[in-house]
Amino acid sequence: MDQNISELIAVSRQYGADKSFVIAGGGNTSFKDDKSIWIKASGAALETIDENGFVCLSREKLKIVSSKTYSQDSAQREAEVKADLAAAIESTGNNRPSVETSMHEIIDYPYVVHTHPTLVNALMCSNNARPDCLGIFGDQALFIPYTDPGYILFKKVETEIARYTSKFGKAPQLIFLENHGIFVAANTVAEIDEIYAAVMDKIYQKIGEPLLSDKPKPFSSSVIENIERLNSGFQNFTAIGSESELIHYFSKNSSSFLKADTAFTPDDIVYCKAYYLFIPSIANDQDQIETAKTLIAAYLNIYGYLPKVLVLEGQGVIAVEENIKSALNVLEVYTNILKISFLSENFGGPKFMNKGQIEFIDNWEVENYRRKMAKS
Ligand SMILES: [Zn+2]
């Protein structure tokens, strides 16, 4: 195997295996030479990726995405872009290239490692994301305000990279995306590691209060019974619960829950949906379970699907999915939301996605594809 591809696989696995950088199936990596780009396939997991988890595309053919005028209709446009990506594929197999392929293509360095680190997102999902990012990283950082993912985000990043490059005489190696994550670009894998280590260190220095523990504490037997009763009340419903110091901080009452009641990033929506359900504490267990069932039914009525995250006042969090694997993913992603919310207080407090941004993701076919892959 080509040395560069071996290094790409190694760096992908390294960051993919580290939960503080990559949660569930998120993040993507690439290597490019003059002619081709190798990028993670959509739905592949970085942690266990091998040669077959990458798609190789022609860089010449990818150029069309920059220059072509696409449909004004967003669904139509994304379908057209997808077809152009598919036409640029050089490798065999059925893999679909990451939706962020065009973005990797325009970043002018051989290696690109895109992740959603908890520390970075504590800054990126905060009210002071832009000023604090530029304050900490100065001219080294290119900050991109939240933009709907896909083609629109690609065009935005393309414009901003061009602006940065003409201003500083070199392409940016550090691109921060508000309510999303970070792209690190470099000539070598060693340089990727150096940049990431410096980024984490600089943000960490700004964190005042240490993060609360997310080590699970046991539920009381009455809560466990309630989860079992909930499990039998709905179809395709697998609930698993968790309680920790961190979870308790956000579940202790309805106002603490407001700091973790919706999504920070598109990935949060992919795994947990955008809105989380608070179940108030009621003296009698039987009444609480009935209240929970009523609230879940009302949620189902409004959104058309079951809630994925239930926050039980004073008790903990329950993740709901069709199977255990997906439920564990929900729990992991929601716990990460709690961490980001807690740490964002160092940067002016949490800033969630707004309704329009959430709707765009909910309607996005590409994300539905990823969700399907995550379940399998
Ligand atoms: Zn991303």
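In this text the structure is predicted, and so the values were computed from the model without any measurement. Counting starts at 1 for both ligands and their atoms, following the listed order.
- For Tyr196 and Phe21, the distance between ring centers is under 6.0 angstrom.
- Pro350 is linked by a side chain to side chain contact (heavy atoms under 4.5 Å, CB included) to Phe264, Ser341, Ser344, Glu345, Phe352, counting only residues two or more places apart in sequence or in another chain.
- Under the side chain to side chain contact (heavy atoms under 4.5 Å, CB included) criterion, Tyr275 pairs with Thr262, Tyr299, Tyr303, Lys355, Ile358, not counting sequence neighbours.
- The ring of Tyr151 has its center closer than 6.0 angstrom to the ring center of Tyr70.
- Aromatic ring centres of Phe176 and Phe137: separated by under 6.0 Å.
- Within the structure, salt bridge (charged side-chain N to carboxylate O under 4.0 Å, His left out) contacts touching residues 12-39 (residues at least two apart or in different chains) are Lys19-Glu332.
- The set of protein atoms (N, O or S) found at less than 2.8 Å from the Zn ion (ligand 1) reads His114 NE2, His116 NE2, His180 NE2, by chain and number.
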